[in-house]
Amino acid sequence: MPPIRPAARFAVLACLAALLGARPAGAEVRQSAADGFLVMHEVQVGAAPAALFAALGQVGRWWSDQHAWSGSAANLRLELAAGGCFCERWAEGSAEHARVVFVRRDRELRLRGALGPLQAMGLDGLLGFELASTEGGTTRLHVTYRVSGDRQHELAQITPAVDAVIGEQVARLKRFVETGTPEPPAAREQ
């Protein structure tokens, strides 16, 4: 079976989300309208903020291959400094997924960009990662993705799919930091 093109992935994920009706704890579609949405995910990560922050910069090791234009997350790079690029380079092309606009080391990272097929729609997006130390040496990770644009795109219809994609990346990051691999246990056993 040929791989699903990035533009079709949101539609497929929206259907799956609707069918399954399951949402991870700490996930929330905060706002959803024709001209924009806000999705939020919050997880406890079994690591100190410094380790989690460093892992954010290793995006090619935890991001899903399914959500890379090249089909390989290993082609992704993220420089953890203002002006840094969340970019992808492969033999046939390259893409700027987002640009780093704010960094407070070990505490906060913000990137501006419309991810995946949203880029071709001329939308604006802000992806935020907030890290807070908790008792016991863990970190509360709060991730938000706010997207806005032209009402003609009927963004409320794709909000569940975007929420699912962001949730998948948050889960992969958590597993990567805690276990050294982003893959769920079932996938590791195969």
Side-chain angles (χ1 to χ4, degrees), residues 4-45 49 52-53 55-56 59 62-69 73 76 78 80 86 88 95-104 107-132 139-178 182 184:
I4 298 172
R5 289 277 175 223
R9 286 188 191 129
F10 283 134
V12 170
L13 286 170
C15 290
L16 287 173
L19 287 172
L20 298 175
R23 295 179 45 79
E28 178 182 2
V29 173
R30 196 59 172 266
Q31 298 171 336
S32 182
D35 62 349
F37 58 81
L38 171 62
V39 298
M40 298 169 40
H41 290 264
E42 188 168 300
V43 294
Q44 287 295 125
V45 180
L52 178 54
F53 190 83
L56 285 169
V59 68
W62 56 266
W63 197 266
S64 170
D65 290 340
Q66 296 293 318
H67 300 289
W69 291 110
L76 297 170
L78 174 57
L80 299 176
F86 174 22
E88 181 175 5
E96 179 178 297
H97 296 285
R99 181 70 53 185
V100 175
V101 295
F102 184 83
V103 176
R104 267 194 308 181
R107 294 171 55 193
E108 191 170 3
L109 174 67
R110 277 188 236 136
L111 300 98
R112 176 164 241 116
L115 301 176
L118 302 178
Q119 184 183 71
M121 298 167 77
L123 303 175
D124 189 28
L126 188 66
L127 178 62
F129 298 86
E130 294 180 26
L131 295 72
T139 303
R140 179 187 55 80
L141 173 62
H142 183 76
V143 179
T144 58
Y145 190 43
R146 178 183 298 279
V147 173
S148 60
D150 192 317
R151 297 181 62 76
Q152 75 177 359
H153 293 301
E154 294 293 336
L155 296 177
Q157 294 178 9
I158 64 170
T159 303
V162 175
D163 182 48
V165 170
I166 297 299
E168 176 189 0
Q169 305 324 304
V170 170
R172 290 177 62 84
L173 173 60
K174 174 181 167 60
R175 283 192 300 268
F176 173 68
V177 171
E178 293 178 344

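- Around CZ of R104, the count of heavy atoms belonging to other residues, nucleotides or ligands within 6.0 Å exceeds 12.
- For E96, the side-chain hydrogen bond (donor to acceptor under 3.5 Å, both in side chains) partners at least two apart in sequence or on another chain are R99.
- Between the CZ atom in R110 and the OG1 atom in T144 there is a gap of 8.5 Å [rounded to 0.5 Å].
- Side-chain contact check for L141 versus L173: some heavy-atom pair is nearer than 4.5 Å.
- V177 approaches A55 most closely through the heavy-atom pair CG2-CB, 3.5 Å.
- Among all heavy-atom pairs drawn from L131 and E108, the shortest one is CD1-N, 4.4 Å.
- Of all the heavy atoms in T159 and S32, the pair that sits closest is OG1-OG, 3.1 Å.
- Partners of F86 by ring-ring contact (aromatic ring centres under 6.0 Å, His included), not counting sequence neighbours, listed by chain and number: W63, H97.
- Residues that satisfy the salt bridge (Lys or Arg N to Asp or Glu O under 4.0 Å) test with E178, not counting sequence neighbours, are K174.
- Within the model, atoms CE of M121 and CD of Q119 stand 12.0 Å from one another, a figure rounded to the nearest 0.5 Å.
- With sequence neighbours left out, R146 forms a salt bridge (Lys or Arg N to Asp or Glu O under 4.0 Å) with no residue at all.
- With a 4.5 Å cut-off on side-chain heavy atoms, H41 and D163 count as touching.
- When atom types are taken as modelled, the side chain of Q169 and the backbone of S64 share a donor-acceptor pair closer than 3.5 angstrom.
- Of all the heavy atoms in A73 and A68, the pair that sits closest is N-CB, 4.1 Å.
- Taking the salt bridge (Lys or Arg N to Asp or Glu O under 4.0 Å) definition, one finds that D150 meets it with nothing, sequence neighbours left out.
- A donor-acceptor contact shorter than 3.5 Å is absent between the side chain of H67 and the backbone of V165.
- Note that the CG atom of L109 and the CZ atom of F53 stand 5.5 Å from one another [nearest 0.5 Å].
- Paired with Y145 under the rule side-chain contact (heavy atoms from CB on, under 4.5 Å), one option of L38, L111, L118, L126 passes, and it is L118.
- Here the side chain of R172 pairs a donor or acceptor atom with the backbone of W62 at under 3.5 angstrom.
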message: Evaluate V100 against L78 for side chain to side chain contact (heavy atoms under 4.5 Å, CB included), listing each step before the verdict.
response: CA-CA 8 Å; V100 175; L78 174 57; 3.7 Å; yes
- request: Apply side chain to side chain contact (heavy atoms under 4.5 Å, CB included) to the pair V162 and L155, showing each step before the final yes or no.
  value: CA-CA 10 Å; V162 175; L155 296 177; over 6 Å; no
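- Annotation: salt bridge (Lys or Arg N to Asp or Glu O under 4.0 Å) contacts of R107 (sequence neighbours excluded): none.
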